[in-house]
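Everything numeric in this text was worked out from a predicted model, so none of it was measured.
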Amino acid sequence: MLGPVILAASRSDKMRRLVSAAPGTKQVVARFIAGETVDDVVPIVSELSGRGLEVTLDVVGEDITTVEHSYAARDAYLELIGRLKELGLGARAEMSVKLSMFGQSLENGHELALANVRPVVEAAAEIGTTVTLDAEDHTTLDSMFAIHEELRKDFPQTGCVIQAYLFRTEDDARRLAANGSRVRIVKGAYKEPASVAIQDKPEIDKAYVRIMKILMDGEGYPMIGSHDPRLISIGQELARRAGRKMDEYEFQMLYGIRSEEQNRLAAEGHRMRVYTAYGTDWYGYFMRRLAEKPANLLFFVRSILTKG
C-alpha cells in the first residue's frame, strides 16, 4: 500500500522540499545516485567495467518546464559522451534517456524531444555505443515509441523500455520483438490507474514472465531489468529454451542494489548491465526507488532517525 503513496509524493513540490531537507537524505540518496557530475560518475564506470560489468548511464531529471531546460539536458548527455570518448569507455557504457527531459511534454514536445535526442544518439553511435529510451507514464508512450521507430531508421541499435504492468505491453512486445530491436523489460514504477495497468503484484509478475517469453522467442535483444531472483532464474530458463547464447540477452539492475548478485551473474558469463544514475535533480528517481521496495523506505527512515 505504501508504493502508490510514495509515487504520489514523487510529484509533490512540498514533499520534495521536506525530503531534500531531511538529515538522512544525503546518505540514502548516495546509495542509488552515483554522484552529481560527470566527474563523479566516470570513475564509477571505470570501476564497474573493471569488474566485468557493463553500464547504462542516466542523467536524472524530468518534468522540465522550458525549452532551454531541454537543451541543457541534451548538452549534459553530449558532455557525458565526450568524456566517455576521451577515456575509451564507449563500448562498456550506453545511455538511458527520458524524453520528458528533452521537452516531450512542452508545446510541440514530440518534435522537440526528437530533435534533442537525435544528436545524442548520433554522438553515442560515433563512440561505439547506443541509447535506450526509458518508458515513463502511459500518456507518453505513443510518442516514445514513435520517436524510437524514427531513430531506428538510421540507428537500428536504439533501444526502448516496456513495462509489464501495462495492459498494452504484450502487444508492444510482440511488435518490437518482430522488429529485432533492443528491448528492456521492467515491472513499472509509475502510479498508473486500474484502467491501463495491472494493480496486483503477483499478476504483474505473471505478465512479466509472459513478456519475457515473447522477447526471448523473438528476433530482438532482450534486456531483463529485474532484481527478483525468481524472475532472473525464469529468464535464464527461457533463454535456454529459446536457444539463446549468453551474449544474445542481458540482465540489468540498478546501481547500489544487489551488487553481489550483479557480480555473480557476470562471473557466470552473463552480460550484466548496471543502471547508473547521476545528477542534481534526483528527487523523482529517488522516490520511485523507495516505492519499488519497502526495505528501501525502511532504510531511508532509519537513516533519518539516526541522523536526527
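Contacts of Lys153 classified as side-chain hydrogen bond (donor to acceptor under 3.5 Å, both in side chains), with partners at least two apart in sequence or in another chain: Glu150. Every side-chain hydrogen bond (donor to acceptor under 3.5 Å, both in side chains) that Thr37 has, sequence neighbours left out, goes to Asp40. Taking Asp171 as the reference, Arg174 meet the side-chain hydrogen bond (donor to acceptor under 3.5 Å, both in side chains) condition, with sequence neighbours excluded. In terms of the ring-ring contact (aromatic ring centres under 6.0 Å, His included) criterion, residue partners of Tyr77 (sequence neighbours excluded) are, by chain and number, Phe102.
Within the structure, salt bridge (Lys or Arg N to Asp or Glu O under 4.0 Å) contacts touching residues 122-133 (residues at least two apart or in different chains) do not occur. Applying the salt bridge (Lys or Arg N to Asp or Glu O under 4.0 Å) test to every pair with at least one member in residues 246-256, sequence neighbours left out, gives these pairs: Glu250-Arg273.
Ser49 and Glu54 share no side-chain donor-acceptor pair at under 3.5 Å. Checked by atom type, the side-chain pair Asp134/Tyr275 shows a donor-acceptor distance below 3.5 Å.
By the 6.0 Å and 45° rule, Arg184 does not stack over the aromatic ring of Tyr221.
Within a 6.0 Å radius of CD in Glu260, no more than 12 heavy atoms belonging to other residues, nucleotides or ligands are found.
Within the 4.5 Å cutoff, no side-chain heavy atoms of Val41 are placed close to those of Arg83.
The pair Asp205-Lys187 counts as a salt bridge, with a side-chain nitrogen and a carboxylate oxygen less than 4.0 angstrom apart. Using a cutoff of 4.0 Å between basic side-chain nitrogens and carboxylate oxygens, Glu268 and Arg264 are scored as salt-bridged.
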